[in-house]
Amino acid sequence: MQMPKTVRVFSPAKVNLHLEIGRRRPDGYHDAYSIMHALTLHDIVTMSLGDAPEASGLAVETSATCLGGVEALDVATEDNIATKAVRALAREFGRAADEKLVIAIEKRIPHAAGLGGGSSNAAAALMGACALWGLPSADARVERVAASLGADVPFFLRGGCVALSGRGDAFDHELVPMRRGLVVVRPDAGVSTAEAYRAFDEAADAGAAKEEAASASGPGMQTKAAMDDASSGTRDGSDLRLGVQAAYVTNAADVALFNNLAQASERVLPELSEIRAWLAAQPGVGISATGAPEVLLSGSGSATFAMVDDIASALAIVSAAKLKGWWARSCACSSAGVRVMPEERSSNLGAQKRAW
Ligand SMILES: C[C@@](CO)(OP(=O)(O)O)[C@H](O)COP(=O)(O)OP(=O)(O)OC[C@H]1O[C@@H](n2ccc(N)nc2=O)[C@H](O)[C@@H]1O
Ligand SMILES: Nc1ncnc2c1ncn2[C@@H]1O[C@H](COP(=O)(O)OP(=O)(O)O)[C@@H](O)[C@H]1O
């Protein structure tokens, strides 16, 4: 079989419709129940395979061009998660050829935004490398490599709407994707995922210290929160109770927006509270069954999304957000994950143009 020399891979963003973080685990990660939905907002990862000098092994060169107002991505080739992905895949499949892989990423997804851009690029690089190297993309080894790169990476191999448990990386069940529009708004600053989790732990530790002080001052007395903690076996009270309910939801449209990491991210970046309140007050933003505006921080942030179904309202909110100095885009929920795109048929396009 003739392998392609160049592939272009569609690399979508995501939002978390539901994110419930629980206790910190011995491996340093947290229990998490997450429902992610892929978006039409996407990067494009182009990968080209060429020869390299004998005994040079796998040489990788990765660059990113940021478009649509996305801030430049200042990441060295070896630190780019797309490079890490192809190197890990080559190791997993024992590939030792002398070759050069050039990866060019067109970035439209802002980074450190909770939109999973880096994770999606990693999954796209895995798909692209499978196509270039003639490897089976549905192989369990590809999934394994994806999981080793980050909690969000396996989701992007699949796309659509998926519930994940474990540390937010283990497939729980698929939901029927929804066809709804949304507006995504991001301030200049990003939020590092690790920093958001640290802020979450600080608040949980402070809460646990308060509980300990309360029980020490009244022998035999326990607060309700402390009893809940004891019965659930968690220290911080976040025992993923909502996750248990979310596990029964089968349609993305029925998921109640929820994120218990949002407060921690708002402490890291207070401007996020302003964006949340501003979006909630915009005309055209959806209202949930409980009467709340459908506005939520995506993952650890710093992007906040609002469900907005009519295009005129969405575009008006995008313009108004830009006037406030924020990056903003309207897009829609999507059923696609990372996908190798068909070859560009430039000669056909030329023929069509002539016909017109
Ligand atoms: C919060 C979420 C929600 O989807 O995503 P983002 O907002 O970053 O997109 C995820 O939990 C992030 O997933 P991902 O971005 O892949 O994180 P990773 O690279 O695996 O981990 C980055 C850091 O976050 C912390 N981390 C991540 C996941 C988890 N369940 N517990 C954690 O404590 C760890 O400190 C880890 O070192
Ligand atoms: N290809 C990439 N795209 C985006 N970020 C990357 C990439 N490779 C490495 N990174 C690093 O990963 C960090 C997190 O990026 P990203 O995955 O977009 O954010 P989030 O996890 O908040 O969705 C960035 O700030 C950047 O330093």
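Read the numbers this way: they start at 1 and go in the same order the structure lists the ligands and their atoms. Throughout, residue positions are numbered sequentially from 1 according to the sequence presented.
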Can you tell me which residue and heavy atom of the protein come closest to [atom], and the distance to 0.1 Å?
atom: atom 20 (O) of ligand 1; value: Ala151 N, 2.9 Å
atom: atom 21 (O) of ligand 2; value: Thr193 OG1, 3.6 Å
atom: atom 8 (O) of ligand 1; value: Thr193 OG1, 2.5 Å
atom: atom 1 (N) of ligand 2; value: Asn80 OD1, 2.9 Å
atom: atom 3 (C) of ligand 1; value: Asn16 ND2, 3.5 Å
atom: atom 22 (O) of ligand 2; value: Gly114 N, 2.8 Å
atom: atom 28 (C) of ligand 1; value: Tyr29 CD2, 3.3 Å
atom: atom 24 (C) of ligand 2; value: His111 CB, 4.2 Å
atom: atom 30 (N) of ligand 1; value: Arg167 O, 2.8 Å
atom: atom 19 (O) of ligand 1; value: Gly150 CA, 4.1 Å
atom: atom 14 (C) of ligand 2; value: Ala112 N, 4.1 Å
atom: atom 11 (C) of ligand 2; value: Val75 CG2, 4.4 Å

| task | Of the side chain and backbone of Asp152, name the one, both, or neither that has a heavy atom under 4.0 Å from an atom of ligand 1. | result |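 Both parts.
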| field | Heteroatom proximity flag, Ile81 to ligand 2, N/O under 3.5 Å | value |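 The answer is yes, given that Ile81 and ligand 2 share an N or O pair closer than 3.5 Å.
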| Within the structure, does Ser300 bring an N/O atom to less than 3.5 angstrom of an N/O atom in ligand 2? |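 It does not: no N or O of Ser300 is found under 3.5 Å from an N or O of ligand 2.
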| request: Just let me know how Ala113 lines up against ligand 2, side chain, backbone, both or neither, with a heavy-atom cut-off below 4.0 Å. | output: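 For Ala113, the contact with ligand 2 is made by the backbone alone.
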| query | Just going by heavy-atom distances, which of Arg25, His30, Arg24 is nearest to atom 33 (O) of ligand 1? | reply |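 Comparing heavy atoms across Arg25, His30, Arg24, the nearest one to atom 33 (O) of ligand 1 lies in His30.
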| Which of the listed options, Gly118, Ala122, Gly116, Ala196, holds the heavy atom that is closest to atom 17 (O) of ligand 2? |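 Going through Gly118, Ala122, Gly116, Ala196 one by one, Gly118 has the nearest heavy atom to atom 17 (O) of ligand 2.
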| query | Does ligand 2 have any atom sitting under 4.0 Å from a heavy atom of Lys107? | reply |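 Yes, Lys107 has heavy atoms under 4.0 Å from ligand 2.
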| request: Could you tell me if any non-hydrogen atom of Gly190 lies under 4.0 Å from any atom of ligand 2? | output: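 For ligand 2, residue contact (heavy atoms, under 4.0 Å) with Gly190 is absent.
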| field | Protein heavy atom under 4.0 Å of atom 4 (C) of ligand 2 | value |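 There is a protein heavy atom less than 4.0 Å from atom 4 (C) of ligand 2.
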| task | Determine yes or no for a side-chain-to-main-chain donor-acceptor pair under 3.5 angstrom, with Ser120 supplying the side chain and Gly117 the backbone. | result |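 No, Ser120 side chain to Gly117 backbone: no donor-acceptor pair under 3.5 Å.
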| field | Any N/O pair Lys14/ligand 1 closer than 3.5 Å | value |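 In this structure, Lys14 places an N or O atom under 3.5 Å from an N or O of ligand 1.
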| request: Provide the number and element of each atom of ligand 2 under 4.0 Å from a heavy atom of Asp79. | output: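 Those of ligand 2 that fall under 4.0 Å from Asp79 are 9 (C).
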| If you measure from the Lys or Arg side-chain nitrogens to the Asp or Glu carboxylate oxygens, is any gap between Arg267 and Glu202 under 4.0 Å? |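 Salt bridge between Arg267 and Glu202, a charged N being under 4.0 Å from a carboxylate O: no.
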